[in-house]
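Lettering follows sequence order; numbering is per chain, from 1. Keep in mind it's a predicted model, so treat the numbers as computed, not measured.
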Amino acid sequence: MYFVKKYFIYVSLVLFLINCSNPVPLSNLFPDATDRRYLNVTGLQPGDRVPDITFYNTDGTTDTLSNILTIKNGVVIYFTMWCIVCDVHMSYIRNTIKPMYPNVEFYLLDYVSGTIAQALANQTGSGYTDFKAALDKNFKLTDMFYGTMSTTIVIDKNSILRMNEDFKDGQRLSAVLSVLP
Amino acid sequence: MTILKKSIFFTMIAFIAVMVEIVRPLSAASCCGGGASASLVLPKFATFLFDTSIEHEKYNGYWNSKGEYKKDPPGSDLRQLRLSIGSAYRVHDNIQTFVSIPYVVNINQYTGLKSTTYGAGDITLGFNFELFNDIRCVYRILSLEDIWPATYLGVKAIVPTGISPYDNVPNSFDITGLGFYTFNFSLLLDKTIKSFNISLAGNYSISAQRPVNMEYGRYIEPYYIQPGGKLNLTASTGYTFSFDSMDSITGTLGYGYTKEYYLKINGIENQNSGFLKHNLLVGIAFATADQNNVIKFNNAFNLPFTGWGVNKPATIITTLEYSHVFR
């Protein structure tokens with residue numbers, strides 16, 4: 001049993017080092033249902049007016065929010081990094097939500113690729129050429145909405161932000177779009 | 001071969017077989033993955049086992065919701081290293097307990113993103129119940145009893161000590177754990193006849209529902225989430241070659257099937273969730289004559305073709321593992 005004792009000393013040492021270098025997050029051991037959105041870093045919130053945005057499209061063109069809203073009833077922006085989680089969401093948008101709202105523009109916003117060419121390659125490789133996709137140059141929209149992976153934005157015809165939250169299962173997006181003015 | 005040598009030989013084969021065929025979930029780690037470690041199985045009659053391993057997981061594209069295989073974006077290089085230490089301890093003639101503690105390092109280059117993150121993974125602990133009283137390997141089949149396999153029933157808990165998507169991480173590539181208390185129930189059937197071995201394993205995981213108020217570093221409207229049950233089936237076969245010194249090498253080929261059912265959000269099934277994956281496994285293990293030291297090298301991989309998975313990254317997992325048994 002000498003080895004057992006020795007082994008537990010090693011285990012204790014390793015655990016100590018782990019905890020010193022990068023503490024175990026307690027948020028998973030003791031998950032919390034408290035709404036703490038008030039602690040989020042700045043970012044436009046529902047009800048705020050969205051300033052005019054320039055979209056740097058992957059086809060090399062540019063669009064502005066104001067121009068789009070002259071012909072569309074609203075804009076959905078989905079923050080994508082083209083990963084498997086994003087693919088599940090984008091696939092759901094394509095198959096279930098987009099066909100129901102032909103008067104809404106759906107944008108996939110690539111906030112990870114450094115260049116238009118890279119964003120286009122990602123869009124093509126992922127099989128989403130039937131969507132409008134744009135590159136978030138200099139992380140302007142990421143900062144504006146405090147966006148991260150799967151953040152979903154809905155802007156109505158009056159440039160009022162209607163939704164700024166994670167995609168989750170798409171139910172909230174459907175609900176918000178169904179009551180757009 | 002004397003009776004003693006024969007006895008040692010078969011004991012050794014049984015030991016290696018169990019050690020090599022340990023049920024490994026072969027699940028992806030970051031990007032919807034785990035960082036949880038596998039079960040550890042103590043050989044019959046041994047009292048204590050120490051195990052340490054290095055796992056390298058390389059992401060190699062993914063299958064979308066239609067089951068189409070897609071390559072990762074150009075310039076992507078997603079890897080996860082898992083360093084684990086663990087032990088198994090016999091608490092009764094037919095009952096053993098184990099614990100495994102992983103430490104996870106993510107090294108990712110993904111289009112414009114480059115990151116290296118690290119932290120504790122999800123700790124695994126559990127019990128294995130042996131439904132047999134003696135070593136179940138035979139030299140030849142002489143009676144019905146000779147074909148009865150070594151049977152293990154297992155139960156384990158995965159404790160969410162890692163960093164999950166519900167923590168302050170920017171994306172799914174930087175996580176080191178799943179974020180859920182998960183309970184796994186397993187059945188392992190293992191049979192060795194002469195130098196040949198076959199193992200069949202099945203396990204089912206259930207995760208507890210939990211509240212979430214943060215995703216990828218951003219506080220969100222709280223909701224409750226519960227992953228779907230996960231079924232894992234594995235079949236493998238091996239052959240052991242023994243040297244004159246009684247040291248031995250075992251080669252293993254295996255196949256694994258994993259299916260996760262729909263997750264629930266606020267109690268409602270999300271029919272866009274769940275995944276399916278087929279795995280292949282190639283392994284080799286070296287054991288010393290006294291059976292106290294085993295070094296294993298495994299490679300678990302997926303075939304990157306359409307139809308071999310749904311909603312899941314394809315990965316190549318290479319594992320180097322060392323186990324030492326105390327009698």
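- Taking the six-membered ring where tryptophan is involved, the planes of A/Tyr78 and A/Phe167 are perpendicular, since the angle between them exceeds 60° and thus also 30°.
- Ion pairing of A/Asp87 with B/Lys70 is absent here, as no side-chain N (NZ or NE/NH1/NH2) approaches a carboxylate O to less than 4.0 Å.
- Interface residue B/Ile220: backbone and side-chain heavy atoms are both found under 4.5 Å from chain A.
- Cation-pi contact between B/Lys259 and B/Tyr261: present, with separation from the ring centre below 6.0 Å and deviation from the ring axis of at most 45°.
- Between chain B and the options A/Thr115, A/Asp32, A/Thr96, heavy-atom pairs under 4.5 Å are most frequent for A/Asp32.
- Chosen from B/Val212, B/Val159, B/Asp167, the residue pairing most often with chain A at heavy-atom distances under 4.5 Å is B/Asp167.
- For A/Asp35, the parts sitting under 4.5 Å from any heavy atom of chain B are the backbone and the side chain alike.
- Both the backbone and the side chain of B/Asn272 come within contact range of chain A, each with at least one heavy atom under 4.5 Å from a heavy atom of that chain.
- You'll find the ring centres of B/Tyr166 and B/Phe180 inside the 6.0 Å limit.
- Most heavy-atom pairs under 4.5 Å with chain A: of the set B/Met214, B/Lys71, B/Arg218, B/Glu221, this distinction falls to B/Arg218.
- Within the 4.5 angstrom heavy-atom criterion, only side-chain atoms of B/Tyr62, from C-beta onward, approach chain A.
- A/Asn67 places no side-chain N or O within donor-acceptor distance of the main-chain N or O of A/Asp63, the cut-off being under 3.5 Å.
- B/Ile158 places none of its side-chain heavy atoms less than 4.5 Å from the side chain of B/Leu178.
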